[in-house]
Amino acid sequence: TGGMVLMESGEGTPVTDLTTELNLLTTSLSARMPIGEKVGLFLGGRTTWGNAADNALFGQLAQEPNLNEVAAPEFTRKAILETVPQFRFYDLNAKVQWSPGLGQHLSASFFHSSDDFNNDYSNEFSTLLRNRRIAYSENYANREEWQNEGFSLNYQLERNAVMQLDLSAF
């Protein structure tokens, strides 16, 4: 998965504001608050509260009607295996902004995310070979974890409607 969060703030010191959102996939919380006369702090976070892959959309792929039926009755393995992976994530955002006046804004932002994907399944089937039934067992395990981090410094100078300077470092 991928995503980007844009945290914007207006002129001067922000008012204290707390926002929460709950949907079918994630829970998120964000806050903005003054920590000085011309300094504001913005925080945000999001996490899955359930398995993000446990969704009806994963079962909506078009399938041919006879893909799971094998013509040879001696072979019992399905052509398509059904699996429901486990996927969870969280991310955190922070931004400190200083607005000293004269159209100047300086901010520092930080981002951290962590993702965890697990997909395990096993499959039992058999085949007939020279009048003997042979049993097979397939086991599959895929585990992936990754993190992302980012940091940025931004400076903005607005002198008038014609002159504006934006500098960013990531």
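Every heavy atom of this structure was used, including side-chain atoms; hydrogens, water molecules and symmetry mates were not.
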Could you state the interatomic distance from [atom1] ([X]) to [atom2] ([Y]), rounded to the nearest 0.5 Å?
{"X": "Asn139", "Y": "Asp120", "atom1": "CG", "atom2": "CG", "value": "9.5 Å"}
{"X": "Leu153", "Y": "Ser107", "atom1": "CG", "atom2": "OG", "value": "7.5 Å"}
{"X": "Leu92", "Y": "Glu149", "atom1": "CG", "atom2": "CD", "value": "10.0 Å"}
{"X": "Gln104", "Y": "Arg159", "atom1": "CD", "atom2": "CZ", "value": "6.0 Å"}
{"X": "Glu145", "Y": "Ser114", "atom1": "CD", "atom2": "OG", "value": "7.0 Å"}
{"X": "Gln147", "Y": "His112", "atom1": "CD", "atom2": "NE2", "value": "6.0 Å"}

Handout entry: N/O donor-acceptor pair under 3.5 Å between Thr48 side chain and Tyr90 backbone
Key = no
Handout entry: Thr47 side chain vs Phe89 backbone, donor-acceptor pair below 3.5 Å
Key = yes
Is there side-chain contact between [X] and [Y], with heavy atoms separated by less than 4.5 Å?
{"X": "Leu29", "Y": "Thr27", "result": "no"}
{"X": "Trp98", "Y": "Val96", "result": "no"}
{"X": "Leu18", "Y": "Thr16", "result": "no"}
{"X": "Trp146", "Y": "Phe117", "result": "yes"}
{"X": "Phe110", "Y": "Lys95", "result": "no"}
{"X": "Thr127", "Y": "Phe125", "result": "no"}

Problem - Lys/Arg-Asp/Glu bridge criterion (N-O < 4.0 Å) met for Arg143, Asp116 - result: no
Practice task
Would you kindly confirm whether Leu106 and Phe170 end up in one hydrophobic cluster when ILVMFWY residues are joined by side chain heavy atoms under 4.5 Å apart?
Solution key: no
Handout entry: Residues forming a side-chain contact (heavy atoms from CB on, under 4.5 Å) with Tyr140, sequence neighbours excluded
Key = Asn119, Tyr121, Asn142
Strictly by modelled atom types, are [X] and [Y] linked by a side-chain donor-acceptor pair under 3.5 Å?
{"X": "Glu124", "Y": "Ser122", "value": "no"}
{"X": "Asn23", "Y": "Glu21", "value": "yes"}
{"X": "Asp166", "Y": "Gln164", "value": "yes"}
{"X": "Asn123", "Y": "Glu138", "value": "yes"}
{"X": "Ser126", "Y": "Arg133", "value": "yes"}

Exercise for the section: Taking all heavy atoms of Ser109 and all of Asn154, pick out the closest pair and write down the distance. Expected result: OG-ND2, 4.4 Å
